[in-house]
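FYI, side chains are in, hydrogens and waters are out, and symmetry mates aren't considered; it's all heavy atoms of this structure. Since this is a predicted model, take the numbers as computed values, not measurements.
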Amino acid sequence: MANVPIEKIRNIGISAHIDSGKTTLTERILFYTGRIHEIHEVRGKDGVGAKMDSMDLEREKGITIQSAATYALWGDHNINIIDTPGHVDFTIEVERALRVLDGAILVLCSVSGVQSQSITVDRQMKRYRVPRIAFVNKMDRAGANYDRVAQQLVEKLGHHAVKMQVPIGAEDRFQGVIDPILRKAFYFDGESGEIIREEAIPAEYQEASEARRQEIIEKVADVDDALAELYVAGEEPTVEQIYAAIRRATIALKMTPVMCGSAYKNKGVQILLNAVRDFLPNPAQVENKGLDQKANEAEVVLSSDPAKPFVGLAFKLEDGRYGQLTYMRMYQGKVTKGDFIFNQSNQKKVKIPRIVRMHSNEMNDVEEARAGDIVALFGVECASGDTFTDGSVAITMTSMHVPDAVISLAVAPKNRDSTANFSKALNRFTKEDPTFRVHRDEESAQTIISGMGELHLEIYIERMKREYGCEVVAGKPQVAYRETITQRGEFAYTHKKQTGGSGQFAKVCGYLEPLPEDAVMNYEFVDEIVGGSIPREFISACDKGFQEAIKKGSLIGFPVVGVRCVINDGGFHAVDSSEQAFRTASIMGFREGYAAAKPTILEPMMKVEVQAPEDFQGSVVGQINQRRGTILNTENAEGYVTVTAEVPLNEMFGYSTDLRSATQGKGEFTMEFAKYSPAPRNEQEALMAQYKEKQAAERK
């Protein structure tokens, strides 16, 4: 594979809302590129399951849990593909895939269109500046509407969406697609749509096709100067000129080509592959930046030149049969089996014993990997997000965005004998997944696992049982509450302690006040000391004291957010003052100011999107209201209702069961963290009473 020139490499991800057909689409791509010889469905009757869903759990649940990498040859182009999960609980898999990819396919359902998770995925693509092609899938479904979905891309996601095709028929009469630029109609024959039949455009579509061709030229000319010049001069651009303009505008993130088809019915996938080849960038066309540690973290642009010093990013870890498998994206230079590379986070030197290219869970050995490749290495111990170089440069890549956990569970092994396996599993999972966090609660002596949602933690508990033979007992899910203040609170605290030798003395005065709602930081320290009432060397100790104090609020013991701590006066003693004394005085001063600043409890609010047949609209809305939800929007389309609401996370436990029973199993929902909001008074009182009881029990 190393023989493929860099301009013929495409690194792409396939992302979408859950159940839009990503894994089905990847399965077809692998089939048409000859990587697999028969197609298996995601929830297939044959029990084999899709190639990219290699975990038993994925096959049973019919969802993708881990991103899976593969590669395929389309003509003379090498396409590296990462199939990512759609469920919001596994959002880190999408984050890390997009961090290392050069382009993406955003899959949308032709009936549901742009859904909540499509918006999240799109936001992630924008964060990493990933050019994309939109693929409107499931054109064979009742209610399929290519034009409406393309319009939603404009209205909901703010894309400059350009429809590249005209579908031939729709719903159960969907037969193929017309390419107005090439002025050809494409049909997909054979048992699995592998035979592409090119024909003249049917007479009834001639007019629509010419109108679409004109629309493509106009819309692309809006964002590409070279095509605009031809358009203004009244010249008819050639196919090559139109394609080149679409490619330039797509790579520059100025437009999104919108294709359509039905992966399940084997229609339109090969044309989508042509679009990946023609419109998405090769690794050399994407600007990748690193930070030079030798030059005070100055930004450097990496070059895809294999002759330059090697730089690569470990973006995903997996515990395989033969030890840790480290997925790495090569950004600059090349590595060969047996080379030594340096981990920039701990300066450790490691030898590469084996390089493989992944095809889901199969491995194909290669001798070397070059800039632009995505490979996996064995025997390279590291953490997710570490940068490696050949040692001649000290460059680190910017890390990926890791969202905060929203839900926690207390877990313990069922049998004492499983303790070693329990620890092993937790160590492995935290290393593999940065959104899966583990800590020990010293007060209750419990092991707490935190993650992105109920399903996220459920999957890990199930994996402990299957992969480590360790059955786990889990406590009630614990919501990640926060505390904050609602008004200004003054403090003036003097810390005095006289012991045998020198004593401790520190005095801090100032106030706490709420930060504005749109503040980026959760904590701010302001030093307004004048006249040296607190010596400069003790100011940082005050800051550290406040940072210590906000870790645990006095209402329910959760972290305090949205607070500005200001010190404006104080006192010190020439002998008895120390860093420790000022740190302690700041902690106690914070508590004094906190009590006066009318503290309140914040609960996490989730953005929930529910889809169900229109007949059940009343039940769906009623259930959300019962759970203290606020309805933000309801949309009716093709016999289905989509309800968007904000609901407290604490009220969402067990919702999936309730929704299924209220909608005869036809309703589905997704949720993601939206914001923190003050909890109702009665709930705050209940939480505070619970916390007091817990403290009293611990004192006994």
Under 3.5 Å donor-acceptor, [X] side chain and [Y] backbone:
| X | Y | answer |
| --- | --- | --- |
| Asn296 | Ala298 | no |
| Arg10 | Leu280 | yes |
| Thr484 | Val561 | yes |

- Any chance you could measure Ser15, atom OG, to Leu106, atom CG, to the nearest 0.5 Å? 7.5 Å
- Could you tell me the separation between the CD1 atom of Ile14 and the CD1 atom of Ile12, rounded to the nearest 0.5 Å? 5.0 Å
- Enclosure of Arg127 CZ (heavy-atom neighbours >12, cutoff 6.0 Å): yes
- Message: So that I know where these two stand, are Phe436 and Tyr460 an aromatic pair - ring centroids less than 6.0 Å apart?
- Response: yes
- Task: May I ask you to check whether Phe388 and Phe342 place their ring centers less than 6.0 Å from one another?
- Result: no
- Do Arg428 and Tyr468 pass the side-chain hydrogen bond (donor to acceptor under 3.5 Å, both in side chains) test, and can you show the C-alpha distance, the side-chain angles, and the key distance before you say yes or no? CA-CA 11 Å; Arg428 174 188 154 193; Tyr468 288 88; 3.2 Å; yes
Electrostatic pair [X]:[Y] at N-O distance under 4.0 angstrom:
| X | Y | result |
| --- | --- | --- |
| Glu483 | Lys552 | no |
| Lys607 | Glu672 | no |
| Arg466 | Glu462 | yes |
| Arg627 | Asp658 | yes |
| Arg357 | Asp365 | no |
| Asp102 | Arg329 | yes |
| Arg482 | Glu603 | no |

- Verdict with supporting geometry, His77 and Asn282, side-chain hydrogen bond (donor to acceptor under 3.5 Å, both in side chains): CA-CA 10 Å; His77 282 67; Asn282 67 54; over 6 Å; no
- Gln690 meets the side-chain hydrogen bond (donor to acceptor under 3.5 Å, both in side chains) criterion, sequence neighbours left out, with none
- For Ser112, enumerate each residue passing the side-chain hydrogen bond (donor to acceptor under 3.5 Å, both in side chains) test, keeping only those at least two apart in sequence or located in another chain. none
- Item | Sole residue of Thr70, Asn11, Asp373 in side-chain hydrogen bond (donor to acceptor under 3.5 Å, both in side chains) with Asn80 | Asn11
- Candidates Val473, Thr419, Asn421 - the one meeting side-chain contact (heavy atoms from CB on, under 4.5 Å) with Pro413: Thr419
- Item | From CA spacing to verdict: salt bridge (Lys or Arg N to Asp or Glu O under 4.0 Å), Asp339, Lys334 | CA-CA 10 Å; Asp339 280 359; Lys334 65 174 184 178; over 6 Å; no
- Start with the C-alpha distance between Lys675 and Glu646, add both sets of side-chain angles, then the distance that settles salt bridge (Lys or Arg N to Asp or Glu O under 4.0 Å), and finish with yes or no. CA-CA 9 Å; Lys675 62 179 183 187; Glu646 270 180 8; 3.3 Å; yes
